[in-house]
Q: 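Input: one structure, supplied below.
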There are 2 protein chains.
Amino acid sequence: MAVETKKYTDNQELIAKFSNALGHPVRVAILQQLSKQSCCFHGDMAEVLPIANSTLSQHLKVLREAGLIQGEIDPPKTKYCINKDNWHLAKGLMIGFFD
Amino acid sequence: MAVETKKYTDNQELIAKFSNALGHPVRVAILQQLSKQSCCFHGDMAEVLPIANSTLSQHLKVLREAGLIQGEIDPPKTKYCINKDNWHLAKGLMIGFFD
DNA sequence: AATGTTGTTCGTATATTTACGAATGAAAAT
DNA sequence: ATTTTCATTCGTAAATATACGAACAACATT
């Protein structure tokens, strides 16, 4: 019946979740690229970033699971975009956090 | 002779470093408390937060090493404050990052 | 049907993170 | 001098993160 007491506020959990996603420079680089242009293909990022293809997939998954990006298959490529709703949510939370 | 090529920009590294420090809800809680009032004692935080004393010390160390807080011994207690310079730096970086 | 392109997932190794209690250190109070 | 208070560091365990190449899946092209 879930008698668990919540240890942290939703606000704290969300800030931590989004921050965590930004906690690796390659993910910062990915998001900077995606927010500059509207979308980007996996392959194009893979050419530029100093990591293996499979590692890029992992980082994209982290960003997807944090809700900051969304991917769609656009055969034969995979296209990633910023998830604007959550991007704005994150922005608002971070601005609120830093005052 | 350090022939290493830098993989990421200073901006990306810094954003990742600060974000990393914000990547755990208890550290978000600590910083929210510290930014609300000017300073806070370890002991007062330990009473409120749902973690062991030694774990709190570790988290405070993470925040210190990220440059977001600074501690000083105020016998018999330890007092922590926001590092305002880096706080503002982080704020600026995050605002720039999110546009 | 066989091949090629694109990306993900799997398997694995290594490093880091998170957590706790025990031990320690440093300073104050008795 | 001994004890108490406060916080850090140590030792350890378990979980998560990061990285890579190999294997795989999906789809297009030949």
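By convention in this document, chain letters (A, B, ...) are assigned in the order of the sequence lines, proteins followed by strands, and residues within each chain are numbered from 1.
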Q: Both Ala46(A) and Ile51(B) contact DNA chain C. Taking the nearest nucleotide for each, which residue is further toward the 5' end?
A: Ala46(A)

Q: Would Trp87(B) and Phe98(A) satisfy side-chain contact (heavy atoms from CB on, under 4.5 Å), going step by step from the backbone distance to the final call?
A: CA-CA 8 Å; Trp87(B) 183 261; Phe98(A) 279 107; 3.6 Å; yes

Q: Measure from CD on Glu65(A) to C1' on dT8(C) and round the result to the nearest Å.
A: 13 Å

Q: Asn20(A) CG to dA15(D) C1': how many Å, rounded?
A: 14 Å

Q: Leu56(B) has an atom CG; how far is it from atom P of dT18(C), in whole Å?
A: 13 Å

Q: To the nearest 0.5 angstrom, please state how far the CG atom of Leu49(A) sits from the OH atom of Tyr8(B).
A: 6.5 Å

Q: Given the rule in the side-chain contact (heavy atoms from CB on, under 4.5 Å) test, do Leu68(B) and Asn83(B) qualify, once you have shown the distances and angles that lead to the verdict?
A: CA-CA 5 Å; Leu68(B) 288 172; Asn83(B) 179 321; 5.8 Å; no

Q: Going through the distances and angles, do Ile15(A) and Gln12(A) end up as a side-chain contact (heavy atoms from CB on, under 4.5 Å)?
A: CA-CA 5 Å; Ile15(A) 290 173; Gln12(A) 288 160 350; 5.9 Å; no

Q: Could you give the CD-to-C1' distance, from Glu47(A) to dT6(C), as a whole number of Å?
A: 12 Å

Q: Does a nitrogen or oxygen in the side chain of His59(A) sit under 4.0 Å from OP1 or OP2 of dA19(D)?
A: yes

Q: From the options dT8(D), dA7(D), dT8(C), select the nucleotide whose nearest atom is closest to the side chain of Thr78(A).
A: dT8(C)

Q: Can you tell me the distance, in whole Å, between the NZ atom of Lys61(A) and the P atom of dT18(D)?
A: 13 Å

Q: Apply side-chain contact (heavy atoms from CB on, under 4.5 Å) to the pair Lys79(A) and Cys40(A), showing each step before the final yes or no.
A: CA-CA 6 Å; Lys79(A) 190 173 70 178; Cys40(A) 205; over 6 Å; no

Q: Once rounded to the nearest 0.5 Å, what's the spacing between atom OG1 of Thr78(B) and atom CD1 of Ile73(B)?
A: 5.5 Å

Q: To the nearest Å, give me how far apart CD (Glu72(B)) and C1' (dA26(C)) are.
A: 16 Å

Q: Search all heavy atoms of Ala46(A) against all heavy atoms of Asn53(A) and return the closest pair with its distance.
A: CB-ND2, 3.9 Å

Q: Going by number, which of residues 21-35 of chain B have a non-hydrogen atom under 4.0 Å from DNA chain C?
A: His24(B), Arg27(B)

Q: Provide, to the nearest angstrom, the distance between the CG atom belonging to Leu60(A) and the P atom belonging to dA17(D).
A: 16 Å

Q: From C-beta outward on Lys77(B), which listed nucleotide comes closest to its side chain: dA7(D), dG7(C), dA19(C)?
A: dA7(D)

Q: Any N/O pairs under 3.5 Å between the protein and nucleotides 21-28 of chain D? List them or say none.
A:
| unit_1 | atom_1 | unit_2 | atom_2 | d |
| --- | --- | --- | --- | --- |
| dG21(D) | N7 | Ser54(A) | OG | 3.1 |
| dG21(D) | O6 | Ser54(A) | OG | 3.1 |

Q: Which residues pass the ring pair (Phe, Tyr, Trp, His ring centres under 6.0 Å) test with His24(A), not counting sequence neighbours?
A: His59(A)

Q: To the nearest 0.5 Å, tell me how far Leu93(A) CG sits from Ser19(A) OG.
A: 9.0 Å

Q: Rounding to an integer number of Å, can you tell me how far Arg64(A) CZ sits from dG7(C) P?
A: 13 Å

